[in-house]
Amino acid sequence: MEYIRDKAPEIKISSIDDLQHVSVVLTSSSHQVYCYKFTVTTSQKPPAPITLNWRVPALNVKGVWKSSSLLSKRLQADWELEHLESRISVHAPVVALFGNSDINYLTFAALDATNKLEMNARIREEDGYVYCFIKFFTEVQQPFDTYETSLLLDLRAIHFGESLKEVSKWWEQNRYTALKAPPEAFLPVYSTWYSYHQDLSTEALLKECQLAANLGYGTIIVDDGWQTVDSNRGYDFTGDWNPERLPK
C-alpha cells in the first residue's frame, strides 16, 4: 500500500440517474494540487443525489479537520453516520486529513458553498483505506439544466493549516469575495448571557455598558431575554420576535 502524492486519486461517480449526464474532469495539476470540473446535465427536476468518492491509504493519518469540528478531530470509522453538512448558512465544504506534526495528508474542498453538500473522510477497518466522498443534491433545490462546480484536492506535505488557507484563497479567487471585518470587530465584546442570561433590564444594561466602555469594550451583544418577559429559556412562544422586555 503506497500513497503517491504526485498522482491524483481516482474519483468515482455513484448514484447516477438515467436522466443525468455527469462528468468529472481534471482541469489542472500543479505541485500536488489537483483541480477538477464537475458537471451535471439533467432533465430530471429535481435532480437525483450524486456522490463523488475516492480512497487513499491510511498511512500516518492521525486525524481529520472539518469546518464543523469543535473539540473532536478524531478519524471516524466508515460505519459512523455523522457527516459534514455545508450550506450557505452553516459550515464550509472542506475536509482536511492530517498526520503527525499536523502535516497535511489530504485536504479536499468544493467550490459550491451555497447549496447543501455532504462530505466526509472515514477509515475502513478491513482494508486500512480512508474513504472520502462529496454528495450533491441531497435536498430539494432550484431546478436546473446544467450544474457546474469545481473540486480541489491538496496532497502537499505542508501544515494542514496552510492547506486550509489555500482553500480560502481558492474560494475567493474563483467565486466568493471575503467580507472585510469592520473596525468594531476588533474591539472587546461584552455578551449579556454570561451575567444576565434571560433576566435583563434596560437600566442594568446601560450601567453595564458604561462600565464596559471604560474598560475598552466597544460592542455589546444582547444574547437572549430581549424577546419576551418570560425567563424559562423556552423559545416556542417567541412569536414574531417583537421585543417585549427591551423597547425598540
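Side chains included, hydrogens not; waters and symmetry mates left out as well; all remaining heavy atoms used.
The closest donor-acceptor contact from the side chain of E125 to the backbone of A77 lies at 3.5 Å or more, if one exists at all. In this structure a side-chain-to-backbone donor-acceptor pair under 3.5 Å is missing from R87 to K116. Of the possible polar contacts, one joining the N104 side chain to the R156 backbone as a donor-acceptor pair under 3.5 Å is found. At distances below 3.5 Å, at least one donor-acceptor pair connects side-chain atoms of R245 with backbone N or O atoms of G225. When atom types are taken as modelled, the side chain of D145 and the backbone of S43 share no donor-acceptor pair closer than 3.5 angstrom. Here the side chain of S86 pairs no donor or acceptor atom with the backbone of A92 at under 3.5 angstrom.
Counting only heavy atoms from C-beta outward, the side chains of S29 and Y36 never approach each other to under 4.5 Å.
Using a 3.5 Å distance cut-off with no hydrogens or angles, the side chains of D230 and Q227 do not pair a donor with an acceptor. A donor-acceptor contact closer than 3.5 angstrom is absent between the side chains of D154 and Q32. Residues Y131 and R55 bring a donor and an acceptor atom of their side chains to less than 3.5 Å of each other. In the model, N53 has a side-chain atom that pairs as donor or acceptor with a side-chain atom of S14 under 3.5 Å.
In this structure, E139 has no salt bridge (Lys or Arg N to Asp or Glu O under 4.0 Å) partners at least two apart in sequence or on a different chain. By the ring-ring contact (aromatic ring centres under 6.0 Å, His included) test, F144 pairs with F137, Y147, sequence neighbours left out. Scanning for salt bridge (Lys or Arg N to Asp or Glu O under 4.0 Å) contacts around K180 gives an empty result, with sequence neighbours left out.
Apart from W65 itself, the hydrophobic cluster it occupies contains V33, V94, F98, L111, L152, F160, L164, V167, W170, W171, Y176, where clustering links Ile, Leu, Val, Met, Phe, Trp and Tyr at side-chain heavy-atom distances under 4.5 Å.
Sequence neighbours left out, the pairs with a member in residues 25-44 that pass salt bridge (charged side-chain N to carboxylate O under 4.0 Å, His left out) are K37-E148. For residues 40-62, the pairs satisfying ring pair (Phe, Tyr, Trp, His ring centres under 6.0 Å) are W54-F108, with sequence neighbours left out.
Other residues, nucleotides and ligands contribute at most 12 non-hydrogen atoms within 6.0 Å of the NZ atom of K207.
Ion pairing of K169 with E172 is absent here, as no side-chain N (NZ or NE/NH1/NH2) approaches a carboxylate O to less than 4.0 Å.
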